[in-house]
Amino acid sequence: MSESLVTQLLEEIDKLPIVDAHSHINPHSAASTTLTDLLGYHYFTELVHSAGVPRATIENESLSAREKCELLVEHLAPLFNTVQYSWLLHICQAFFDLPIGEDLTPANFATVYDTAKSRMGQPDWEQQVIRRSNLESVFLTNDFDDPLTGFDTQFYVPCLRTDDLVFKLDQPRTRDRLAAATGIEPTSHESLREAIGKLFEHFKSHGARACAISLPPEFAPAPPASSNWFDRVREVGNPEVSAGVFWMLAEFCRDYRLPFDLMIGVNRQVYPAGVFQGQDLFDSRVSLIQYRELFNAFPEVTFPVSVLASVTNQELVSYAWIFPNVVTNGHWWYSNTPTFIERDLMARLEAVPATKQIGYYSDMYKLEFAMPKFGMYKRVLARVLAECFVVGRGWSEQRAVELAALLLKGNVEDIFAIK
Amino acid sequence: MSESLVTQLLEEIDKLPIVDAHSHINPHSAASTTLTDLLGYHYFTELVHSAGVPRATIENESLSAREKCELLVEHLAPLFNTVQYSWLLHICQAFFDLPIGEDLTPANFATVYDTAKSRMGQPDWEQQVIRRSNLESVFLTNDFDDPLTGFDTQFYVPCLRTDDLVFKLDQPRTRDRLAAATGIEPTSHESLREAIGKLFEHFKSHGARACAISLPPEFAPAPPASSNWFDRVREVGNPEVSAGVFWMLAEFCRDYRLPFDLMIGVNRQVYPAGVFQGQDLFDSRVSLIQYRELFNAFPEVTFPVSVLASVTNQELVSYAWIFPNVVTNGHWWYSNTPTFIERDLMARLEAVPATKQIGYYSDMYKLEFAMPKFGMYKRVLARVLAECFVVGRGWSEQRAVELAALLLKGNVEDIFAIK
Amino acid sequence: MSESLVTQLLEEIDKLPIVDAHSHINPHSAASTTLTDLLGYHYFTELVHSAGVPRATIENESLSAREKCELLVEHLAPLFNTVQYSWLLHICQAFFDLPIGEDLTPANFATVYDTAKSRMGQPDWEQQVIRRSNLESVFLTNDFDDPLTGFDTQFYVPCLRTDDLVFKLDQPRTRDRLAAATGIEPTSHESLREAIGKLFEHFKSHGARACAISLPPEFAPAPPASSNWFDRVREVGNPEVSAGVFWMLAEFCRDYRLPFDLMIGVNRQVYPAGVFQGQDLFDSRVSLIQYRELFNAFPEVTFPVSVLASVTNQELVSYAWIFPNVVTNGHWWYSNTPTFIERDLMARLEAVPATKQIGYYSDMYKLEFAMPKFGMYKRVLARVLAECFVVGRGWSEQRAVELAALLLKGNVEDIFAIK
């Protein structure tokens, strides 16, 4: 297969508008103000840590932003092969004049840092990044007690994140936050339902388009036998409480017509001595059969599903092929590297209806990462479309680009009822 | 690697005769009579359903064959990317004059439907399909009480399917069918053995070449401690009964020198609201270690093994590499798409003796699907042979084609003792 | 991607020196003396057995070396597709004048056998093989009671293999061997610790660079609640004893600053009727989450981890990306074929720091296998570097070769503190 075909497709795909279905953007501070905001991303701190720099050095509170950034740059060398490092180069090249073929090193650190600071200081920096990244809108990850005010909810689309409700309701702080947000003390099954109903009302009225949660590998939702589970709400990590709240959320998703994003398979705090946000891992022994009852019980709820381990992707493909309410969603975290994206994407494209696939989301904390992350995805996509569809099935390039457009924007809008 | 090498190999491979080791063909009605027979295949109904068409609409009994077909064609658009849809196009192009590059749409539906009807009405249609698909013989999937009469068992090779005996013996209807087929009431361990012996006698004398069964992920065969298990034959889904009957079948396979096809990993009825035959899924957490005792206990029985999940393929490769009586068998169902075929095939070709691999089977219900399904397999095979063997190991093209011939026919004949 | 780029990279990579981090070489008899030493490798006997030759025929004690070799050659035909067979051809071509494109057959057996015998009889044969294979040093697998004398421990680096201590301490013979090697009867928790301490002392003082063990899929190390476990030392296969000894070994690795090679996932004796060393298989349902406590408890110990099943590779990548003390180690046994190497390598190269990857080890019993095994790895490596890095990321070829040098030698020296 000729590289020129890939290049040609990529050029067309690069022009397509993007709706980013999942991010951790803070809409009040979406873009970066220094290069440190970029290098502080857990992908870099955890890899630098893994390559040998102590956590105390990395998280030394006495360092200035510039010092912290320089420290990280000094230890980037062992990461030169990683795709995460290539994201950083991509940003520095596209936005901060780093010459192609040059690494980010202590030698050029000052130049790049200062260029970045000056560019990021421009009043329209956020808009520059958005425009150059082709972003049409970006989904957020909002705490359940987020007021959702002070930003454009058309562009920064609210999304109700529910991990705390399902897994941390035993903590008084969570119940206090819930009471503060809704004016309802969750002291019974009924009042909890009422309070959560208020949250959905609040989010829905502020333009929320999804409810979302990340789930550990052993989680297996089932309808509660009775509402008794609420009596154990103060027990630490009681699985019946988690199951009960989760089921209640699914009912509200049905009633409020919100898709329920399931991000399946993460074990939290596997490495407690790791850097901030660099402590979670997984057990790949998970099956979507655990979600059998859920998918059957809520035919009206669309479940965009992300799986953490690539070995679960074939199940995801098959469940999305059979269940009308299961949709494939992006390439998540440890599966968000080119090899796994390519394998998982190929399998999805050849067996899941074109309309039931959300191609990619950035998962980013800062806007600047949309460009390299979607860029990585689009390169893989161009290769797969070239090899499997244009060459493999005799498609026109136009048809291939139409499919790409569904993956990057059309399906996201349809599935989350935008516009 | 040059595409022309792939094309050249594919041309040679396309000339090879095929023995199809597993299908669901009804030998009394092997070919289709209308386009509806093709579009009614569960791959299309379940994907159309998954893409949003209600089951009641798809399975509306009041529609004529033509109306049903048109309805499905109206909803094919979201499937344009799927490999299953490409099978349909392949058939329509090869047999019903659909121009290359054109989709099957409401606009050309009438033309294609009528052309199909007229071609299928030709008296030698079945033979035309067989000849153009290079089929030398096709294995069937016969109910245990099939009389096996009225068809050419040299071409349509009988195969004793035993799912009902192993998993539904608790149902009076199964025991009644067994009694009716053999004249023996299965009222004891001894009479059950006698009855099943009669079945093997019947099948063997009618040219059966294999015994076959599909198995759920948790199944782990073991020799029964005693024959007491028969006492629980009326208990619904009793695993000891299943284990007991299964072990008995393996003994008969040994005594009657029949290979025992194991199709491992399907969960039935995961989605009971799905369309006909579109309700089964799987749990990929299965291991061939569950079959350790079986493979050791029956060294004389050949076990052609199919696995439903591609993640089990490495175990299959390794078990076939070590156990003389384990043979790799085709690419089954949810693993029957180009991506999974390519991965699984590459792994098998580089580590399992050439003589111990059954390349592919169609699993088809209607003869017309042999061409696109084997076609899909042969394209993948040509690529893998070109890349890994001709380029990668310096093989001659002739040697590569010889290996293909073993996979498509030679091994099937040897393993199932045909000719 | 052009094949010429791959060829060019491979030429450069082929010049690189190699440190082989794991083998089963007997340093007193490292090279072969007849072709039988090569064909007697379990990869050939088990595949010939799998393809239909009875174990009794293969292991017939009355055959001479030459007869045994000829017998195996007579049955190589069904293996012509396997990569293992290609290793054999590689050796015969490189060392024994077998013409490229010719198979090893009964027709040329005598010539090749005699050429091999004569070459192997040259006094510097071992050195010839070492030089032509670019080996700078080779790690051994030493029984815990190996005297470690009579060979050059700079070239043949000792490694303390501990399977017997962890899994066979219930056998009197193991305890006797321990007593004989250390002068200490292991009759209590304390004396066992003292004895094992002596082993570490002995190994360390003889240049050992690693401790190693292979582990079954269900193994999940944890700190013993007390030292009571020693009371059950005579119970066959008691898991608490295994866990206790294992934890003690990890403590000694910490104290003696030895990396602890974990080879995870093998089930021993799955097929007891198999040929010598051809009886082990695996259950791919294993997770590194089972090693969570171990990795957290011993931050000072480096754990080079090999996984038997390719489906575990993504976990390995992720754990090595997060845990500073987890390092990826080679491509083991059933994952040591080009397809699995390519998939696993790509995933590692794009997400694990370059310094935390041991590219490959031979696992060989005879020196001659270094060339074809590392050759297989290097071809895959050249392809991956060409496709994903030079073409995919615009790297210079020089940078790609530098990464290869780390994988083949630099990292091994750093991780095991050689030089």
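Hydrogens, waters and symmetry mates play no part in the numbers below; they use all other heavy atoms, side chains included. Within every chain, numbering begins at 1; the chains are lettered A, B, ... in the order of the sequence lines, protein sequences first and strands thereafter. Since the structure is predicted, the reported quantities are computational estimates derived from the model, not experimental observations.
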In terms of side-chain heavy atoms, does B/T82 have a donor or acceptor partner in A/E350 at a distance below 3.5 Å? no
Within the 3.5 Å criterion, strictly below it, is a donor on A/Q314 or B/S310 matched to an acceptor on the partner's side chain?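 B/S310 and A/Q314 do not have a side-chain donor-acceptor pair below 3.5 Å.
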State, with a plain yes or no, whether a side-chain heavy atom of [X] is found less than 4.5 Å away from one of [Y].
X      : Y      : value
B/V270 : A/F323 : yes
B/P272 : A/N296 : yes
A/I322 : B/Y334 : yes
A/P353 : B/Y85  : no
B/T339 : A/R343 : no

Picking from [options], which has the most non-hydrogen pairs under 4.5 angstrom with chain A?
options                      : value
B/N267, B/V48, B/D280, B/L47 : B/L47
B/L79, B/V275, B/D103, B/V53 : B/D103
B/P217, B/A273, B/S335       : B/S335
B/L281, B/T337, B/L89        : B/L281

Does any backbone or side-chain atom of [X] lie under 4.5 Å from a heavy atom of chain B? Answer side chain, backbone, both or neither.
X      : value
A/V326 : neither
A/F389 : side chain
A/E342 : neither
A/Q290 : side chain
A/V327 : neither

Would you indicate whether A/E300, at its atom CD, is surrounded by more than 12 heavy atoms from other residues, nucleotides or ligands within a distance under 6.0 Å?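 Yes.
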Does A/R257 have more than 12 heavy atoms from other residues, nucleotides or ligands lying within 6.0 Å of its CZ? no
Salt bridge check, A/R285 against B/D283: does any charged N sit closer than 4.0 Å to a carboxylate O? no
Would you find a donor on one side and an acceptor on the other, under 3.5 Å apart, between the side chain of [X] and the backbone of [Y]?
X      : Y      : result
A/Y319 : B/F282 : yes
B/R379 : A/G392 : no
A/R393 : B/N81  : yes

Select, from A/E293, A/M346, A/K356, A/E315, the one with the greatest count of heavy-atom pairs under 4.5 Å involving chain B.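 Result: the option with the highest number of such pairs is A/E315.
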What option among A/T312, A/T355, A/L406 has the most heavy-atom pairs under 4.5 Å with chain B? A/T355
Indicate the atoms forming the closest heavy-atom contact of B/S50 with A/W321, along with that distance. CB-O, 3.0 Å
Given that the side chain runs from C-beta out, which part of B/L308 has a heavy atom under 4.5 Å from chain A: side chain, backbone, both or neither? backbone
Using the side chain to side chain contact (heavy atoms under 4.5 Å, CB included) rule, take A/R399 and B/F80 through it: C-alpha gap first, then chi angles, then the decisive distance, then the call. CA-CA 10 Å; A/R399 175 165 251 195; B/F80 76 104; 3.6 Å; yes
